[in-house]
Each structure stands twice: as C-alpha cells, then as structure tokens.
> 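Dropping a structure here in structure tokens format, bear with me for questions.
Every chain is numbered from 1 and lettered A, B, ... according to where its sequence line falls, protein lines coming before strand lines.
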There are 2 protein chains.
Amino acid sequence: MSENSASFKIRLKNNAAEVEACLAGILTDTAQPDEIARPEPLLAAMRHGVLNGGKRLRPFLVMESAALLGGDAQAALRIGAALECVHSYSLVHDDLPAMDDDDLRRGQPTVHIAHGEANAILAGDSLLTLAFDIIAAPETGLQDRQKTELVLALARASGIGGMAGGQALDLAAEGLALDETGITTLQAMKTGALIRFACEAGAIIAGSSDADRRLMRQYGEKIGLAFQLADDLLDLTADAETMGKATGKDAARGKGTLVALHGKDWTEAQLARLVQEAATLLEPFGERADVLNEAARFVANRRS
Amino acid sequence: MSENSASFKIRLKNNAAEVEACLAGILTDTAQPDEIARPEPLLAAMRHGVLNGGKRLRPFLVMESAALLGGDAQAALRIGAALECVHSYSLVHDDLPAMDDDDLRRGQPTVHIAHGEANAILAGDSLLTLAFDIIAAPETGLQDRQKTELVLALARASGIGGMAGGQALDLAAEGLALDETGITTLQAMKTGALIRFACEAGAIIAGSSDADRRLMRQYGEKIGLAFQLADDLLDLTADAETMGKATGKDAARGKGTLVALHGKDWTEAQLARLVQEAATLLEPFGERADVLNEAARFVANRRS
C-alpha cells in the first residue's frame with residue numbers, strides 16, 4: 001500500500017465517522033418543527049438502515065468535491081448525509097423479498113429481517129423523504145437557489161430516470177442477455193447517477209461556474225463507471241466473508257455485466273483508463289485534486 | 001343538494017381534470033434533463049398508481065387556497081400535482097401485501113396486482129421522488145425561497161414525523177385499543193398532515209404573511225380532522241360498491257376510531273362543529289372564501 005493510499009484510507013475513515021455522527025444526530029427521537037411525533041419502531045428501522053458503518057463513499061465525494069471548489073464544509077456534510085439517506089433507502093428496498101430478497105448486508109440482518117417487512121418499506125420511504133428534508137432545512141445553510149438545484153439534481157438522479165429506474169431495469173433483465181448498451185444504461189442509472197450527483201453536488205455547494213460543475217459531473221461519471229466495474233469484478237472473485245453480503249449472485253441470476261461480456265483483463269485495463277481520464281479532468285486543479293485522484297484509484301482498486 | 005353544493009362539485013370535477021392532465025403530461029416517456037431513460041414497465045406502474053380518476057381533493061385545496069390568497073394558478077396546479085404524487089405513492093405502498101394487503105382500489109386492481117410487487121415498490125418510490133422534482137423544476141415558477149419552504153413542509157408532512165410515521169403507528173396499533181390521544185395523533189399524522197400541507201402550500205405559493213399562513217394551516221387542520229371522521233363514518237356504513245374498495249376493514253382489524261369510541265351522533269355533531277370552526281377561521285376573507293367553506297362541508301358530508 002502506498003503512503004498516499006494509507007493516508008487516503010484514514011481520511012475516508014475519519015470522514016465516515018463524521019457522516020455517521022451527523023446522521024445519528026438527525027435520526028434522534030426529537031420531533032422537528034412541523035413534525036407531530038417520531039414513532040420508535042419506524043425510527044429504529046431507519047437507524048438500522050442507515051447507521052451501519054458503511055464506507056460513506058458518496059458523502060466523501062460530496063465533501064471532497066466541495067472542499068476542492070471552496071464550498072462550505074458543514075453544508076457539504078449535511079448534503080452528504082442526505083445523499084447517504086437516499087443510498088440507504090435504496091438498499092433497504094432492494095433487499096426486500098419482492099426485490100433482491102437478501103437477508104444479510106454488511107454482515108448484519110437486513111432491515112426487513114430485523115424489523116419486519118412493513119417497517120422496512122416505511123423506513124425506506126422515510127429515509128428518502130428525509131433526504132429532501134435535510135437539503136431544505138435551515139441548519140444546512142446555503143442559498144435557496146442552491147437548495148433548489150440540489151433538490152432537482154438529487155430527485156433526477158434517484159427517481160425513474162436514475163437509480164429507481166435502473167433497479168427496475170435490473171429486475172426486468174434477470175435471465176435476459178443484455179447487450180453492452182443495455183448494461184451500460186442500466187448501470188449508469190442504478191449506480192452511476194448517485195455517484196455523479198455526489199460530485200456535482202460539491203460544485204453546487206461551492207457555487208461553482210457552469211464549467212466547473214460540468215467538469216465535476218464528468219469526473220463523477222468516470223468514478224461511477226469504475227465503481228460498477230470494480231463491483232462486478234468483486235462479485236465474481238470475492239467471497240461472502242470479505243463482502244459481508246451474498247456474492248456471485250449476479251452470475252447466478254444471469255445478470256449481464258461488462259466483466260462477463262469482456263473478461264477480467266479488459267475490465268482491469270478499462271479501470272486503469274478511467275482512473276487516468278479522471279486525473280486528466282482534474283488537471284486544472286493541480287495538487288489540490290490529490291484526494292479526488294486517490295479516490296478514483298481507491299474506487300477502481302477496492303477489494304471489498 | 002343545494003345550488004352551492006352542485007356548483008362546488010362541478011368545480012371540483014373540472015379541477016380534477018386539470019390535475020389529471022398535468023400529471024399525465026409529467027408522466028410521459030420523455031426523459032427530462034439529467035435523466036438517463038424512463039423504463040416503460042416502471043412508468044406504467046407509476047401511471048397506474050396516480051392517473052386513476054381520483055377526486056384530487058388535496059390538489060384542489062392547494063389551488064383554491066392559493067387562489068384565495070392571490071397565488072399563481074399554474075404554480076399551484078404543479079404543487080397540487082406534486083402533492084398528489086405523494087398521496088398516490090402512499091396508497092401504492094399501503095396496499096402492498098406486507099402492509100394493508102389490498103387487491104382493489106377505486107374499483108381497479110391495485111398496482112402490485114397489476115404490475116407486480118417489485119414494480120409497485122419502485123413506482124411508489126419514484127412517485128415520492130417525482131414530487132420533489134416537480135416542486136424544484138423550473139416549469140413550476142415560484143421563487144427559490146418558496147420552493148425551499150414547500151420542499152421542507154412537504155417532507156415534514158410526509159416523512160417519519162407525518163404520514164409515513166402515521167402509517168407505522170397504524171400498523172403497530174392493529175388489535176390494540178388506542179385511547180383518544182393515540183387515535184388523534186395517529187390520524188393527525190396519517191391523513192391530517194398532508195391535508196394541512198395542502199392548505200398551507202396555498203399560502204406559501206401566494207407569498208402570504210405569516211399570519212395568513214398560520215390561518216391556512218389551522219383551516220387545513222379542521223379539514224383534516226373532518227376528512228378522517230367522515231372516512232371512519234363511511235367505513236362503518238358504506239358498502240364496497242360505493243367506495244370502490246373494501247370497507248368495514250378497520251373494525252375487522254380492531255383499529256380504533258373516534259366513531260367507534262364516541263358513536264355516530266357525537267361524530268356528526270363534531271363534523272358540524274369542525275365545518276363551523278373552519279368558517280370562523282375564513283371570516284376575514286368574506287365571500288371570497290365561499291369555495292373553501294363549501295370544501296369543508298363537502299369533506300364533512302361526503303358519502304364516497
């Protein structure tokens with residue numbers, strides 16, 4: 001492990017602790033203004049779904065993108081927390097019996113196993129709703145113009161035209177042999193859109209120029225592609241213990257991946273190319289972009 | 001039927017047609033900026049869930065509240081459509097096997113019966129997400145400050161501290177004998193919060209004073225209470241044909257209602273009192289509030 005890589009992992013870990021604390025602070029039993037009460041069983045299911053010691057890669061990307069462009073750190077933390085609520089809700093719902101039917105996530109029982117299916121559905125719904133609450137809340141700071149842009153970009157990244165649509169395509173694709181375009185569209189929606197949003201959000205928080213916002217979107221697209229390729233590679237090679245969840249399921253379900261289509265060597269070459277393309281995009285920022293370059297390498301090389 | 005009541009029903013019906021057209025225009029297969037694609041099976045499930053010929057009472061309240069206070073009609077229509085997306089998503093998810101397990105709504109198969117359970121979950125998720133998309137989209141007009149307020153108020157009304165929390169309480173209450181406070185809290189969350197939001201949204205759209213906004217909230221609370229009491233009364237007395245859905249289920253599930261607690265006569269007196277209190281709140285507006293007064297009577301007296 002290079003020195004950069006070691007310090008990157010510490011940075012990621014410290015950041016994850018900050019995000020965890022922020023989310024824990026939001027998910028207390030204290031009703032907020034305009035709320036009537038927070039029923040404990042639902043709150044417990046939400047906390048189970050989101051306070052799970054994840055890597056918090058998406059919030060990290062929000063916060064480091066914002067930091068690179070001079071955005072407010074506290075606002076970026078809150079927007080990162082909002083994004084993690086969306087990511088977590090999608091996992092809670094994807095794990096449901098009617099969807100991927102998974103009992104285990106990060107080595108723990110999934111939300112519907114621990115809290116029942118009805119509470120899992122409602123916890124997912126409430127986490128999604130909470131994400132927009134967090135963006136709009138006064139505590140987040142930011143100008144109303146920025147909040148409107150964040151709400152719209154997050155909604156588009158996570159709704160029918162993004163993540164949820166990607167999950168629908170994924171379920172419909174079981175047993176079908178998708179071609180390269182089909183796989184690429186599915187993955188751009190299911191996992192790419194939120195990761196792209198994470199990087200673009202940093203530019204919105206910083207009030208960046210359209211050019212910088214576009215650049216961060218492009219960087220986010222590279223990271224999103226790399227994330228998915230690494231994930232597909234992992235699904236083939238890792239065992240359940242390393243991943244803390246069932247593996248090899250994609251292949252068992254007949255889901256097409258680019259790894260299955262092109263093989264391991266092509267995939268590793270593609271990952272190296274994406275890391276390089278990300279670095280080229282970030283060149284204008286010089287050394288200040290070191291963390292985001294390291295993030296691209298981390299995403300491409302991750303083994304869990 | 002009084003002359004007022006007849007013309008009110010025509011107004012409500014025309015309004016519902018406008019809302020239906022607005023929602024149909026939004027739920028096309030054309031991907032919007034920042035969207036990647038709109039998968040047809042998911043879109044079909046969303047359309048099934050929301051384009052169902054409902055009365056569109058909540059959008060009506062948004063639009064008439066905004067009209068009373070001088071808000072832009074086009075913006076109010078869009079915010080009404082957003083609110084209907086939230087209401088519809090909640091019905092799609094509430095009908096799921098793990099929740100209320102209903103096969104029939106408004107005389108039609110529910111979304112999971114017609115489109116499968118996975119698509120029903122994702123359609124609900126996507127409708128909820130779309131609501132915030134609609135508020136933030138440029139087509140809605142309004143100032144960013146107003147959009148932020150609408151996003152926050154809608155999220156609080158529909159999340160753990162509002163509608164979703166109310167549904168969690170409702171599921172937890174099956175077979176328990178809730179006391180008056182328990183029932184009132186549950187109903188204020190499950191149905192009251194969205195109806196209150198509808199009326200408050202009119203004031204936000206109109207850029208009203210804090211005093212007028214508070215007044216519309218209070219009016220919305222009266223309407224919300226009346227709506228629930230009328231609903232509980234209907235559940236006891238109507239047959240499935242009139243309602244287009246299963247009836248008598250609340251009693252069969254042992255769910256407590258104020259009607260069950262206090263009887264039919266008390267409930268009818270309470271409904272009359274709520275209509276009167278709503279009228280008192282609207283007195284400052286004189287005759288211009290006729291439609292909203294008629295709305296209160298309609299909600300209290302509805303028989304389907």
> Considering only heavy atoms, which portion of B:Met163 lies under 4.5 Å from any heavy atom of chain A: side chain, backbone, both, or neither?
neither

> According to the interplanar angle, ranging from 0 to 90°, do the rings of A:His93 and B:His93 count as parallel (below 30°), tilted (30 to 60°) or perpendicular (above 60°)?
perpendicular

> Can you give me the closest heavy-atom contact between B:Leu152 and A:Pro138, atom names plus distance?
CD2-CD, 4.0 Å

> Hey, what do you get for CD (B:Gln143) to OG1 (A:Thr148), rounding to the nearest 0.5 Å?
10.5 Å

> Checking heavy atoms, do the side chain of B:Phe197, its backbone, both or neither come under 4.5 Å from chain A?
neither

> So which of A:His112, A:Glu149, A:Arg145, A:Arg196 has the largest heavy-atom pair count under 4.5 angstrom toward chain B?
A:Arg145

> State whether the side chain of A:Arg156 and the backbone N or O of B:Pro33 hold a donor-acceptor pair below 3.5 Å, judged by distance alone.
yes

> Tell me, side chain or backbone of A:Leu171 under 4.5 Å from chain B's heavy atoms, or both, or neither?
side chain

> Check whether any side-chain heavy atom of B:Asp144 sits under 4.5 Å from a side-chain heavy atom of A:Lys147, and report yes or no.
no

> Heavy-atom cut-off 4.5 Å, strictly under: side chain, backbone, both or neither for B:Ile134 against chain A?
neither

> Tell me, side chain or backbone of B:Pro41 under 4.5 Å from chain A's heavy atoms, or both, or neither?
neither

> What distance do B:Leu128 atom CG and A:Phe132 atom CZ have between them, rounded to the nearest 0.5 Å?
7.5 Å

> Is it true that atom CG of B:Asp179 has more than 12 heavy atoms of other residues, nucleotides or ligands lying nearer than 6.0 Å?
yes

> Select, from A:Ala45, A:Ala155, A:Gly162, the one with the greatest count of heavy-atom pairs under 4.5 Å involving chain B.
A:Ala155

> Measuring only between side-chain heavy atoms, which start at C-beta, is B:Pro39 closer than 4.5 Å to A:Met189?
yes

> If you define the side chain from C-beta out and look only at heavy atoms, does anything of A:Leu96 sit under 4.5 Å from B:Ile121?
yes

> Of all the heavy-atom pairs spanning B:Ala98 and A:Ala118, show the shortest one and how long it is.
O-CB, 3.4 Å

> Where do B:Val151 and A:Ala136 come nearest, in terms of heavy atoms and distance?
CG1-CB, 3.7 Å

> Closest heavy-atom contact between A:Leu42 and B:Ala164?
CD2-O, 3.8 Å

> Tell me, for B:Ala31 versus chain A, whether the close heavy atoms (under 4.5 Å) come from the side chain, the backbone, both or neither.
neither

> Answer yes or no: is there a side-chain heavy-atom contact under 4.5 Å between B:Leu43 and A:Ile160?
yes

> Tell me the closest heavy-atom pair linking A:Thr129 and B:Ser158, and the distance in Å.
CG2-OG, 3.7 Å

> Can you name the nearest heavy-atom pair linking B:Gly159 to A:Ser126, along with the distance?
C-OG, 4.3 Å

> Would you say that B:Arg217 contacts A:Asp34 through its side chain, given a criterion of any heavy-atom pair below 4.5 Å between the two side chains?
yes

> Using heavy-atom distances under 4.5 Å, tell me whether B:Asp125 contacts chain A through its side chain, its backbone, both, or neither.
both

> Working to the nearest 0.5 Å, report the span between CD1 of B:Ile36 and OG1 of A:Thr185.
8.0 Å

> In terms of heavy-atom proximity below 4.5 Å to chain A, should B:Ala172 be classed as side chain, backbone, both, or neither?
neither

> Is it the side chain or the backbone of A:Asp133 that comes within 4.5 Å of chain B heavy atoms, both, or neither?
both

